Amino acid sequence: MVAWNRHELVTQWWQALHNACHVDAPRELLDSLVGEFEAGARTGAAEAGMRIGAALARAGLDDPAVPVVSAQILCPTADGADRITVERQMAALAVGIGQGHRAELDRAAASVRSADDRYRIMFENASVAIAISDSAGNLLDVNEGFANLVGVPLEQLRQMGTVDALHFSHPDDRAEIEALLYRELLDPRKGTIRLERRTLRGDGSIGWAGFTVTYVPGTDGHCDYLISFGRDMTERHRLEQELQRQARHDALTGLPNRWQLLDAIGAVIETATEDDRVGLCFADLDRFKEINDRYGHGFGDRVLAAVAVRIGDALADTGSLLARLGGDEFVALVPPPDADRRVAEIAERMLAALTEPMVVDEHRVQMSVSIGAVIEPCAGAQPEELLDAADRGLYRAKIGGRDQWVLHALEVDPD
């Protein structure tokens, strides 16, 4: 072993994991694992690497970047550390993390005899996706985890011949990824990057994957190459998108909610010219409280859902956005151009949508709405002010006899 300060090495390892994975590993654990590696490196560090990976996994450190940064910190402490040492150590750590417990690691270690066999077994059985490519971007080798990630059988991948490493990235993302690789890895000929991008699977479907890519300089006549560790992030992205959808849509009716409406108004304002005007139709169901009192809130919710369908169908071809603010309040956003003319048409359509009774739970229900509308210049407007003005117009419509719409002007509003 070369001379090194154990305390400094633990600190460097902790900082590298913190920077790459955004987690704070227990320093006591890292200190014990440094000793484990030091002892194992004298006789061949593959098994030690696997045990270290398992210990890191048990501590919750299973990010794809962990084996990369760990090998980069630990391997230089061993005499004669080279490309093969780094490569094998990354694979050993990855296997240890993927399997996560000692019994499986011992069985895997007992099943191999030579260093090359150990490396191959670790590479092929790692639970994370591993891909090795040359500096020109051609895939040199991949494991079963990578094949599963891109949805192509491993044998088929190996029979494809020369394949660009970006072949399985989404076409719209390839130029950005290529520029990032050149800027951060290929030009400086060193470094590690993390990226999370869309993947194009073998069946044509779109997924998501997170990869940690490290540049490994060649030694002893070997070429430089890139080694990538990845995991499938498709399900996480699907859940995130669903949460985002729920955050921007009304759970009862499926319509955009207040936050999406305000964002849409803000987007109209941002792109508006000085002459553009925007319209809002703020609608409130007439005598809806009587429905709740007579039939119960569950029945009232079903009425609201039916009203949303009626009005939504009536406005489907108008280019307006219909949102539910909550309770029995609905708002239609009328963007430019021609908002002055179209507000009247949309308000009339909203009224007409409820002319015929609705059948809800075998009850015939006759509903109507009162609508307050505003038509205002977009430039410099505030979304909340426009909504408040439409709400005040709604009040005028209510006191004026219901089942009608009233145009409200901001400039005549009292303070």
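By convention here, the first residue in the shown sequence is residue 1. Just so it is clear, the model here is predicted, and its values are computed rather than measured.
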- For side-chain hydrogen bond (donor to acceptor under 3.5 Å, both in side chains), just list the numbers for Gln246 and Glu242, CA-CA rounded to whole Å, side-chain angles, deciding distance to a tenth of an Å, and then say yes or no. CA-CA 6 Å; Gln246 291 178 11; Glu242 176 59 20; 2.9 Å; yes

- Task: Show your reasoning for whether salt bridge (Lys or Arg N to Asp or Glu O under 4.0 Å) applies to Glu329 and Arg258.
- Result: CA-CA 10 Å; Glu329 296 177 336; Arg258 181 185 187 90; over 6 Å; no

- Message: Would Leu166 and Ile177 count as a side chain to side chain contact (heavy atoms under 4.5 Å, CB included) here? Give the steps.
- Response: CA-CA 8 Å; Leu166 298 181; Ile177 297 173; 3.6 Å; yes

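Counting only heavy atoms from C-beta outward, the side chains of Thr199 and Ile206 never approach each other to under 4.5 Å. Residues Thr192 and Tyr215 form no side-chain contact, since every pair of their non-hydrogen atoms from C-beta on lies 4.5 Å or further apart. Considering only heavy atoms from C-beta on, Val163 stays 4.5 Å or farther from Leu157 through its side chain.
In this structure, Asp173 pairs ionically with Arg198, as a charged nitrogen and a carboxylate oxygen lie closer than 4.0 Å. Electrostatic pairing of Arg238 and Glu235 counts as a salt bridge here, judged by a charged N lying under 4.0 Å from a carboxylate O. Lys289 and Asp293 are joined by a salt bridge, as a carboxylate oxygen and a charged side-chain nitrogen come within less than 4.0 angstrom of each other. Using a 4.0 Å cut-off between a side-chain N of Lys or Arg and a carboxylate O of Asp or Glu, Glu196 and Arg236 qualify as a salt bridge. Here Asp317 pairs with Arg349 in a salt bridge; the nearest charged N to carboxylate O distance falls below 4.0 Å. Under 4.0 Å is where a charged nitrogen must lie from a carboxylate oxygen, and between Arg364 and Glu356 no such pair does.
A perpendicular orientation is assigned to the rings of His363 and Phe299, their planes being inclined by more than 60° (bins at 30° and 60°).
Ser370 and Asp286 share a side-chain donor-acceptor pair at under 3.5 Å. Side-chain atoms of His18 and Asp24 include a donor-acceptor pair closer than 3.5 Å.
Ile371 and Ala283 make their closest contact through CG1-CB, 3.9 Å (heavy atoms, listed as atom of the first residue, atom of the second, distance). Summarising the geometry of Gly207 relative to Thr234, their closest heavy-atom pair is CA-OG1, 3.4 Å, with the distance given to 0.1 Å.
A cation-pi arrangement, defined by a distance under 6.0 Å to the six-membered ring centre and an angle within 45 degrees of its axis, is absent between Arg248 and Trp259.
For His237, the ring-ring contact (aromatic ring centres under 6.0 Å, His included) test picks out Trp208, with sequence neighbours left out. Partners of Thr355 according to the side chain to side chain contact (heavy atoms under 4.5 Å, CB included) rule, which considers only residues two or more places apart in sequence or in another chain, are Ala352.
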